[in-house]
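The block underneath contains the structure these notes are about, expressed in structure tokens.
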Amino acid sequence: MPRNFDFAAVEPRLYGWWQAQGWFKPECAADGAEPYVISMPPPNVTGSLHIGHALFTALEDLMIRYERMRGKAALWLPGTDHAGIATQLQVEKMLRDEGTSREDVGYEEFLHRTWQWKEEQGGTITRQLRRLGASCDWDRERFTLDDGLSNAVIEAFITLWEQGLVYRGPRLVNWSPGLQTAVSDLEVESNEEEVTLYYFRYPVEGGAYLPVATTRPETILGDTAVAVHPDDERYRHLIGSRATVPILGREIPIIGDDYVDMEFGAGALKVTPGHDFSDYELGRKHGLELLNILNKDASMNDNAGLYAGLDRYDCRERLWSDMEAAGLTIRTEPYVTRIPRSQRGGEVVEPMMSAQWYVRIQPLADKAIAAVRAGRVKIVPERFEKVYFHWLENIQDWCISRQLWWGHRIPAWYREKDGDPQGEIYVGREAPAGDGWVMEQDVLDTWFSSGLWPFSTLGWPEETADLARYYPTQMMETGHDILFFWVARMIMMGLWFTDRPPFHTVYLHGLVRAEGGAKFSKTLGNAIDPLTVVDELGADPLRFTLITSGTPGNDCHLDETRLDHSFRFINKIWQMTSFINMNLDGALELGAPPSDELDLPSRWILSRMNRLIENVQYLFDIFQYGEAGNQILAFMWDEFAPFYLEISKGALYEGNEAQKTATRRVLVQLQDCCLRLLHPFMPFMTEEAWRYIPHDGEALIIADWPQADADAIDDDVEGRMAAYLELVREIRNTRAEFKVDPGRRIRAIARAGSAATEDLANNDQILKRLCNVEALELLPLEAEEPANSANVVVGDISVYLPLEGMIDIAAERRRLTDELAKLDAQLERTEKMLGNKNFVERARADVVQRERNRLVDLKAARAQIEERIANLGRLP
RNA sequence: GGGCGUUUAGCUCAAUUGGCAGAGCAUCCGGUUUACACCCGGAAGGUUAUAAGUUCGAGUCUUAUAGCGCCCA
């Protein structure tokens with residue numbers, strides 16, 4: 001067995017082997033196995049792997065490998081998303097770099113170039129997922145723009161149209177001037193920014209003025225009213241009069257509405273229904289004219305009069321200085337408000353009137369709410385259900401059309417009628433018969449196709465065998481940041497089109513952030529590149545770190561030192577395997593011998609192991625994978641390796657054949673179990689290490705998941721062993737305190753009498769191997785206590801360590817007095833608890849019993865130490 | 001403005017129904033002990049943000065306050 005785990009050589013070899021054997025496919029399970037399916041959240045086809053992808057890969061592969069080991073027909077279906085806006089932006093940038101543009105090359109050529117780009121870049125991210133060990137069924141890989149999925153998108157759109165749930169019409173939309181497309185509410189991010197608040201005078205008929213404040217003066221040109229609060233003593237007499245739009249001289253009404261906030265600005269409100277969502281509502285309520293003053297690139301249009309053609313911000317400046325000259329300005333002041341920006345381009349989005357396609361979403365939302373309420377879909381952690389309900393209960397119709405070129409083209413045709421080029425609309429797979437039909441240019445929101453993902457990838461709307469067997473899926477694992485974008489829409493669309501929720505459980509992970517909560521970003525240079533980590537440390541440490549660093553739903557702040565720790569853990573396991581491997585001798589019967597043939601340490605460690613299996617099972621059941629990983633680590637690093645494995649050297653090096661064989665069987669059993677439990681966390685090292693210990697089966701990836709043996713769990717054995725290990729710690733502590741050379745083997749003497757002491761003497765390897773003492777010597781009860789000794793007490797066990805020439809009586813007395821003080825403090829606490837009638841009567845029985853046992857132990861230890869101090873007093 | 005989360009060791013995070021607050025990293029001391037120096041042994045480090053309450057018992061439950069973060073207006 002190699003001295004170290006050579007991850008760079010092993011990882012590709014094992015991955016290729018697993019895949020070639022067909023173990024990533026659900027068909028490798030036994031006939032009739034229950035399916036377990038995860039649809040992979042499809043990454044952007046042209047993207048490359050970042051730490052967020054690594055997190056979902058680690059989690060989903062863990063789930064899939066776990067269920068595969070449990071005998072399920074496990075299917076992790078991979079794929080990629082065409083990611084309309086993101087990809088189009090990338091290709092446009094490429095064209096810009098070539099000195100050309102989307103418009104210059106034209107529609108056909110642009111699509112051609114984008115497909116070309118997809119072919120070149122498309123394999124990158126899926127290759128990178130493989131490096132992490134993702135056990136996906138690559139034969140079933142899908143792409144949102146492939147034929148099958150495009151067919152599903154068209155089917156879904158036409159169905160919704162026929163059901164009257166898709167409509168087209170002019171609405172105020174979030175318009176992205178740079179991208180020249182509408183975007184949905186969700187794609188707009190509003191954050192507080194420092195801007196300027198402009199105070200100015202609205203001339204009113206009769207020579208008066210109304211003071212108004214705005215952060216967007218250019219929209220004055222689109223005002224169609226001024227509003228004041230009907231209770232406002234200052235201005236209410238003006239309701240019904242007319243005001244004049246500055247510079248343009250257009251007359252508009254002054255209206256009264258209690259929507260106006262009298263405290264804001266100067267108390268009066270300019271109303272721009274064409275470029276503000278609140279004003280739009282106000283305008284509808286009051287029957288105001290709706291004026292559009294912007295072109296699609298956010299330059300001013302003819303409605304802006306002499307400002308036509310100016311960019312929106314140039315116009316703002318020019319208009320303000322013209323108003324200043326006209327004496328209409330009051331003042332400006334710094335102001336903090338939320339500015340809506342496009343999630344993709346980062347530019348300021350303008351509300352603008354535009355004809356778009358919408359989904360009437362309420363009927364779909366109602367079903368989605370009901371499904372979660374009824375528990376047909378479970379969201380982990382549960383608190384996100386509230387967020388989900390709140391969003392769906394206040395949902396707005398979904399704007400699904402985008403003025404992009406890259407995406408699913410909406411299957412609609414227009415024909416001129418009564419002078420309106422779009423007077424007639426036809427929706428269908430093919431252009432209708434007759435002349436003059438022109439196909440819709442708009443494409444669908446990327447999330448429209450993503451919403452169909454769990455069933456479109458399995459063949460829907462065709463009734464395929466895969467759809468029948470693997471739908472609905474079991475688990476949807478994704479980030480909580482796309483709960484609305486994606487998860488809610490999948491649930492809506494799944495219920496609507498298949499009448500079943502697309503998955504049973506939603507597991508939401510958090511964002512991976514840098515230390516201190518900073519966002520990872522390339523520009524900040526604080527990004528951890530998963531591929532660099534894989535190159536340097538291997539995939540396993542990255543996976544283990546990501547899984548054990550977080551809890552469901554919470555962002556995790558990734559501490560890079562944990563990567564090193566995971567790497568060292570993996571080395572540790574390799575070394576443990578290596579130790580077992582080199583102490584084998586020929587064929588070995590698998591499984592531990594029956595407990596009555598085992599020594600105390602073996603029964604102890606098997607009890608601990610089975611308790612671990614129980615705990616891990618419980619934690620997996622409640623999706624606490626991180627804690628499960630940590631518990632396995634703690635078991636191996638804090639119990640198995642430093643105690644059992646060390647103690648086992650006694651039997652292996654000095655024992656008889658029966659002892660050797662029994663110990664080997666226990667060691668192999670332990671390591672086999674740990675490797676199985678860890679396989680979903682760190683598939684490569686565990687698989688490779690497993691080959692070096694006796695095992696049953698072809699590969700760990702398809703080995704059985706461990707089951708706890710409740711009969712092996714023995715509280716009595718664990719209690720006895722815990723006391724001895726406590727004694728070990730005390731002896732080590734004492735040695736350190738008296739500066740005994742770690743290499744020096746010392747004597748240890750106990751007086752016979754307690755059963756525990758004799759039990760310990762029968763297991764002399766414990767003290768011998770763990771604190772470098774000779775075998776425990778037993779003195780008769782009536783014997784004198786050994787001279788010049790330090791004394792160590794745990795419960796009713798008292799051990800003397802003769803340390804000739806090293807013991808300072810005064811120091812020993814001080815040490816024992818300190819010890820006594822500690823014991824007294826604990827005694828006081830325990831006695832107080834047990835003296836409390838309420839505690840004894842009301843606390844759980846096992847808790848009370850534990851305190852009673854503690855009291856007995858503490859009293860015994862105290863008596864021993866007191867005696868010892870008294871004896872010290874008699875020494876010269 | 002409404003909602004959700006969060007605040008635990010210097011840093012990053014744990015803590016199964018409420019039952020003696022734990023890891024890793026960093027720090028200090030000591031070690032080439034035949035699986036591992038990618039290691040081993042020992043030490044130090046905490047009024048669990050603050051204030052009340054419920055309870056025999058609170059990091060955990062309730063209420064209020066403050067800081068930080070996210071979501072929705």
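Letters go in sequence order (proteins before strands), and every chain restarts at 1. Remember, predicted model here, so these are calculated numbers, not experimental data.
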**OP:** Would you give the length of the straight line joining atom CZ of A:Arg543 to atom CG of A:Leu678, rounded to the nearest 0.5 angstrom?
**Re:** 11.5 Å
Original post:
Can A:Arg171 and A:Asp397 be counted as an ion pair, charged N to O under 4.0 angstrom?
Top reply: no
**OP:** Could you check whether A:Ala641 gets within reach of a base, just the sugar-phosphate, or nothing at all, counting any heavy atom under 4.0 Å?
**Re:** base
Subject >> Partner residues of A:Arg568 under the salt bridge (Lys or Arg N to Asp or Glu O under 4.0 Å) criterion, sequence neighbours left out >> reply: none
Subject >> Pairing partner of B:G1 (Watson-Crick or G-U wobble, both distances under 3.5 Å) >> reply: B:C72
Subject >> Complementary nucleotide of B:U47, counting Watson-Crick and G-U pairs under 3.5 Å >> reply: none
Original post:
Hey, does A:Arg745 reach any base, or is it just sugar-phosphate, or nothing, if we go heavy atoms under 4.0 Å?
Top reply: nothing
Subject >> Pairing nucleotide - B:C61, Watson-Crick or G-U, each distance under 3.5 Å >> reply: B:G53
**OP:** Give every residue pair that meets the side chain to side chain donor-acceptor pair (under 3.5 Å) criterion with at least one member in residues 821-833 of chain A, sequence neighbours excluded.
**Re:** A:Asp824-A:Arg862
Original post:
Is the number of heavy atoms from other residues, nucleotides or ligands within 6.0 Å of CZ (A:Arg284) greater than 12?
Top reply: no
Could you pull out the protein-nucleic contacts involving nucleotides 21-27 of chain B (nitrogen or oxygen on both sides, under 3.5 Å)?
{"residue": "B:G24", "atom": "N2", "partner": "A:Asp559", "partner atom": "OD2", "Å": "3.2"}
{"residue": "B:C25", "atom": "OP1", "partner": "A:Arg568", "partner atom": "NH1", "Å": "3.3"}
{"residue": "B:C25", "atom": "OP1", "partner": "A:Arg568", "partner atom": "NH2", "Å": "2.3"}

Original post:
Given atom CZ of A:Arg3 and atom P of B:U34, what is their separation to the nearest angstrom?
Top reply: 11 Å
Subject >> Separation between the P atoms of B:U62 and B:U17, rounded to whole Å >> reply: 14 Å
**OP:** Answer with base, sugar-phosphate or nothing: what part of the nucleic acid does A:Asn630 contact at a heavy-atom distance below 4.0 Å?
**Re:** nothing
Original post:
Counting any heavy atom closer than 4.0 Å, what does A:Glu646 reach on the DNA or RNA strands: base, sugar-phosphate only, or nothing?
Top reply: base
Original post:
What does A:Lys649 touch in the nucleic acid at a heavy-atom separation under 4.0 angstrom: a base, only the sugar-phosphate, or nothing?
Top reply: base
Original post:
So which one's nearest nucleotide on RNA chain B is more toward 5', A:Gly550 or A:Met576?
Top reply: A:Gly550
**OP:** Under the side chain to side chain donor-acceptor pair (under 3.5 Å) rule, what do A:Tyr259 and A:Ser278 come out as? Steps first, then yes or no, please.
**Re:** CA-CA 9 Å; A:Tyr259 167 78; A:Ser278 307; 3.2 Å; yes
Original post:
So which nucleotide does B:U17 pair with, by the Watson-Crick or G-U wobble rule with both distances under 3.5 Å?
Top reply: none
Subject >> A:Glu654 bridged to A:Lys768 by N-O distance under 4.0 Å >> reply: yes
Original post:
If pairing requires Watson-Crick or G-U wobble contacts with both distances under 3.5 Å, which nucleotide is the partner of B:C39?
Top reply: B:G31
**OP:** Assign the ring pair A:Phe620 / A:Phe681 to parallel, tilted or perpendicular, where the plane angle (0 to 90°) is split at 30° and 60°.
**Re:** perpendicular
**OP:** Give, for atom CD1 of A:Ile573 and atom CG of A:Leu675, the distance between the pair rounded to the nearest 0.5 Å.
**Re:** 7.0 Å
Original post:
Can you tell me the Watson-Crick or wobble partner of B:U6, both distances under 3.5 angstrom?
Top reply: B:G67
Original post:
Within the structure shown, what part of the strands sits under 4.0 Å from A:Thr551 by heavy-atom distance: base, sugar-phosphate, or nothing?
Top reply: sugar-phosphate
**OP:** Pick base, sugar-phosphate or nothing for A:Tyr653, based on heavy-atom distances below 4.0 Å to the nucleic acid.
**Re:** sugar-phosphate
Original post:
Applying a 3.5 Å limit to both distances, which nucleotide forms a Watson-Crick or G-U wobble pair with B:G24?
Top reply: B:C11
**OP:** Identify whether any heavy atom of A:Ile570 sits under 4.0 Å from a base atom; if not, whether one sits that close to sugar-phosphate; answer base, sugar-phosphate or nothing.
**Re:** nothing
Subject >> Any N/O donor-acceptor pair, A:Arg744 side-chain to B:U33 base, under 3.5 Å >> reply: no
**OP:** Give A:Phe384 one of three labels, base, sugar-phosphate or nothing, depending on what nucleic acid heavy atoms sit under 4.0 Å from its own.
**Re:** nothing
Original post:
Separation of A:Asp540 atom CG from B:C38 atom C1', in whole Å?
Top reply: 15 Å
Original post:
Using a cut-off of less than 4.0 Å, is there contact between a side-chain N or O of A:Asn733 and OP1 or OP2 of B:A43?
Top reply: yes
Original post:
Less than 3.5 Å between a donor and an acceptor, one on the side chain of A:Lys572 and one on the base of B:C36, is that the case here?
Top reply: yes
**OP:** Could you check A:Val847 against A:Leu619 and say which one's nearest nucleotide on RNA chain B is further toward the 5' end?
**Re:** A:Leu619
Subject >> Whole-Å gap separating C1' (B:G42) and CZ (A:Phe738) >> reply: 15 Å
